[in-house]
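If you read the sequence from its start, that first residue is 1, and numbering goes on from there. Because the structure is a prediction, the values reported are computed rather than measured.
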Amino acid sequence: MSLLVPAILVLHLTDVVLIFTASITNSWYRLVDGSLTDLWYRCGYTSGDENWICNSTTPSTHDEWLSAVQGSMVTASLFTTLSLGIFLCQLFTLHRGSLFYLTSIFQIFAGLCVGVACLIYTLHVEAFHPEGRGTFATSFILAWIAVPLTLASGVMYLHLRKME
């Protein structure tokens with residue numbers, strides 16, 4: 001039982017790293033020509049001189065779903081960071097036997113936000129890449145891995161009691 005709090009803390013830090021990495025890095029979708037697309041930029045090689053060039057993926061009026069994915073990942077990043085801060089505060093301020101409800105709620109909301117972002121991106125990838133020649137890349141996979149880990153962490157916080 002004494003290892004439960006450090007184990008949950010390590011799981012939470014893993015969630016934070018996964019969500020931030022999935023939000024920031026440039027590899028949500030890889031096209032056949034080697035170019036990469038993420039939530040913020042589309043990067044690829046120029047024709048002939050092998051220079052790496054990135055263009056902004058500013059959503060147009062037809063790409064509201066991309067704004068929803070961006071907003072959901074930013075919200076998930078905020079929720080999981082706030083959840084970590086709340087957990088550390090509650091760890092020192094809660095009375096013995098109290099539950100970590102507030103931490104759990106923020107962590108579950110973070111997991112749901114990441115899940116929504118991944119689902120929207122999965123359903124609308126044909127609109128962003130109409131040729132359909134490519135695969136989902138590492139950041140997209142990391143985001144999907146973060147969904148169950150973050151939800152599991154939130155459920156663990158729900159059942160965790162403060163001990164002395």
So which atom in [X] and which in [Y] form the shortest heavy-atom distance, rounded to 0.1 Å?
X    : Y    : value
L99  : Y101 : CD1-OH, 2.9 Å
Q90  : T103 : OE1-OG1, 2.6 Å
V114 : A143 : CG1-O, 3.3 Å

Flag the pair [X] / [Y] as yes when at least one side-chain heavy-atom distance between them is below 4.5 Å, and no otherwise.
X    : Y    : answer
L112 : V147 : no
Y29  : F136 : yes
Y121 : Q70  : no

Which pairs of donor and acceptor atoms, one on a side chain in residues 151-160, lie under 3.5 Å apart (sequence neighbours left out)?
unit_1	atom_1	unit_2	atom_2	d
S153	OG	Q107	NE2	3.4
Y157	OH	H12	ND1	2.8

Quick check on F87: does its CZ atom have over 12 non-hydrogen neighbours (other residues, nucleotides or ligands) under 6.0 Å away? yes

Does S27 have any side-chain hydrogen bond (donor to acceptor under 3.5 Å, both in side chains) partners at least two apart in sequence or in another chain, and if so, which?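 For S27 the side-chain hydrogen bond (donor to acceptor under 3.5 Å, both in side chains) partners, ignoring immediate neighbours, are T138, S139.
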
Please identify each residue that fulfils side-chain hydrogen bond (donor to acceptor under 3.5 Å, both in side chains) with T150, with sequence neighbours left out. none

So does S77 get a backbone contact from the side chain of T81, meaning a donor-acceptor N/O pair under 3.5 Å? yes

From [X] [atom1] over to [Y] [atom2], what is the distance, rounded to the nearest 0.5 angstrom?
X    : Y    : atom1 : atom2 : result
L88  : T93  : CG    : OG1   : 10.5 Å
I108 : C113 : CD1   : SG    : 12.0 Å
I24  : L39  : CD1   : CG    : 10.5 Å
I86  : I105 : CD1   : CD1   : 9.5 Å
T80  : F109 : OG1   : CZ    : 13.5 Å

Please list, chain by chain and in numerical order, all residues satisfying side chain to side chain contact (heavy atoms under 4.5 Å, CB included) with V10, sequence neighbours excluded. T14

Side chain to side chain contact (heavy atoms under 4.5 Å, CB included) filter on I145, not counting sequence neighbours, yields L18, I141, L149

Residues in ring pair (Phe, Tyr, Trp, His ring centres under 6.0 Å) with F106, at least two apart?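 By the ring pair (Phe, Tyr, Trp, His ring centres under 6.0 Å) rule, F106 matches F79.
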
Which hydrophobic side chains are connected to L119, either touching it within the sub-4.5 Å cutoff or through other members that do?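 Once heavy-atom contacts under 4.5 Å are chained together, L119 belongs with L123.
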
Check the orientation of W144 and F140. Use parallel for under 30°, tilted for 30 to 60°, and perpendicular for over 60°. perpendicular

